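The structure under discussion appears below in the form of structure tokens.
What you see is a predicted model, and the numbers here were worked out from it, not measured in a lab. One is the number of the first residue; the rest follow in order along the sequence.
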Amino acid sequence: MGKEELLSNPVTRIFFKTIDIPVKRDSKISSFKAYKKAEALLKKNYSVVIFPEGKIDDRYPPVLHPFKSGAFRMATENKIPILPIVIQDAWKILWDDGKRFGSKPGTIHVRILAPIEINEYLVNDNSTLENIVYNRMKSVWNRHN
């Protein structure tokens with residue numbers, strides 16, 4: 001699941017046209033449809049990757065922004081474990097969409113954190129789950145950026 005704007009980038013378009021669930025971030029209808037499509041895939045035992053940050057801005061170096069709640073609501077409602085993944089160094093290689101600052105070769109480090117089982121969380125306890133995931137990911141992000 002990713003922002004619809006990635007379809008306009010020639011580098012990311014190929015990837016996102018084949019396996020992405022595009023979301024128009026300023027549209028509640030688009031968000032709802034993407035949520036339902038992702039939920040249907042989960043029910044078929046597919047894995048779904050969600051970037052829960054509410055925004056990506058022009059701040060350099062980047063910071064980890066607060067998360068949106070949809071991914072956590074989906075996880076608790078469907079009792080699906082969360083596997084937090086922190087992508088490091090990508091911003092050093094491809095800061096913007098590549099048009100303004102371009103891109104360069106390099107190494108991106110990916111940190112896969114311990115899975116978080118949902119059994120212990122109630123459906124109405126999404127904010128606690130969201131905070132736990134955010135704090136774990138922010139700790140790793142801060143340590144390695």
Side-chain angles (χ1 to χ4, degrees), residues 1-106 108-113 115-118 121-142 144-145:
M1 190 178 290
K3 63 181 183 173
E4 185 180 64
E5 296 93 84
L6 292 171
L7 291 171
S8 64
N9 181 306
V11 175
T12 57
R13 180 181 327 134
I14 296 167
F15 174 76
F16 279 92
K17 278 183 110 174
T18 56
I19 64 170
D20 181 49
I21 301 171
V23 180
K24 186 183 270 189
R25 293 188 289 177
D26 58 350
S27 168
K28 290 187 184 287
I29 292 171
S30 176
S31 297
F32 178 77
K33 286 180 179 179
Y35 183 94
K36 287 301 188 185
K37 186 172 183 180
E39 196 171 50
L41 290 170
L42 287 174
K43 290 179 191 291
K44 292 180 181 178
N45 291 324
Y46 284 91
S47 295
V48 176
V49 176
I50 299 175
F51 296 91
E53 273 189 279
K55 65 187 237 171
I56 300 172
D57 62 15
D58 294 330
R59 192 172 178 177
Y60 189 91
V63 297
L64 188 64
H65 290 283
F67 291 164
K68 289 191 172 185
S69 62
F72 305 98
R73 187 175 67 246
M74 191 180 308
T76 55
E77 287 176 357
N78 293 284
K79 299 293 186 213
I80 304 293
I82 293 176
L83 182 63
I85 298 174
V86 179
I87 302 171
Q88 314 271 157
D89 310 298
W91 60 275
K92 294 176 185 174
I93 295 166
L94 183 64
W95 170 247
D96 61 351
D97 63 2
K99 293 177 187 170
R100 190 164 155 208
F101 296 112
S103 62
K104 61 184 177 185
I108 296 174
H109 295 91
V110 177
R111 310 237 185 248
I112 301 171
L113 310 183
I116 299 172
E117 293 297 327
I118 302 305
Y121 300 98
L122 301 173
V123 172
N124 60 358
D125 198 17
N126 297 325
S127 61
T128 300
L129 176 60
E130 183 179 333
N131 288 330
I132 288 169
V133 174
Y134 179 84
N135 289 329
R136 286 185 189 177
M137 292 178 75
K138 186 167 178 58
S139 173
V140 171
W141 175 264
N142 289 342
H144 298 285
N145 278 306

To the nearest 0.5 angstrom, please state how far the CD1 atom of Ile82 sits from the CD atom of Glu117.
10.0 Å
Ser31 and Lys24: which non-hydrogen atoms are nearest, and at how many Å?
OG-O, 4.2 Å
Looking only at non-hydrogen atoms, find the nearest pair between Pro115 and Pro84 and report the distance.
CA-CD, 4.5 Å
List the steps, then state whether side chain to side chain contact (heavy atoms under 4.5 Å, CB included) holds for Gln88 with Val140.
CA-CA 9 Å; Gln88 314 271 157; Val140 171; 3.7 Å; yes
So His144 and Val86, do their side chains get closer than 4.5 Å, heavy atoms only?
no
The reported gap from CG in Asn135 to CG in Asn142 (rounded to nearest 0.5 angstrom) is 10.0 Å
Is any side-chain heavy atom of Ile80 less than 4.5 Å from a side-chain heavy atom of Met74?
no
Rounded distance [0.5 Å steps], CG in Leu113 versus CZ in Arg136
8.0 Å
Going through the distances and angles, do Thr76 and Asp125 end up as a side chain to side chain contact (heavy atoms under 4.5 Å, CB included)?
CA-CA 8 Å; Thr76 55; Asp125 198 17; over 6 Å; no
As an exercise, state the distance from CG of Asp20 to NZ of Lys37, rounded to the nearest 0.5 Å.
8.5 Å
Minimum heavy-atom distance between Ala34 and Val23, given as atom pair plus value:
CB-CG2, 3.4 Å
Mind telling me whether Trp141 and Trp91 have parallel, tilted or perpendicular rings, with 30° and 60° as the class edges?
tilted
Identify the heavy atoms of Asn78 and Glu39 that sit nearest to each other, and give their distance.
ND2-OE2, 3.2 Å
From Tyr134 OH over to His65 NE2, what is the distance, rounded to the nearest 0.5 angstrom?
8.5 Å
From CZ (Phe72) to CD1 (Ile118), nearest 0.5 Å
9.0 Å
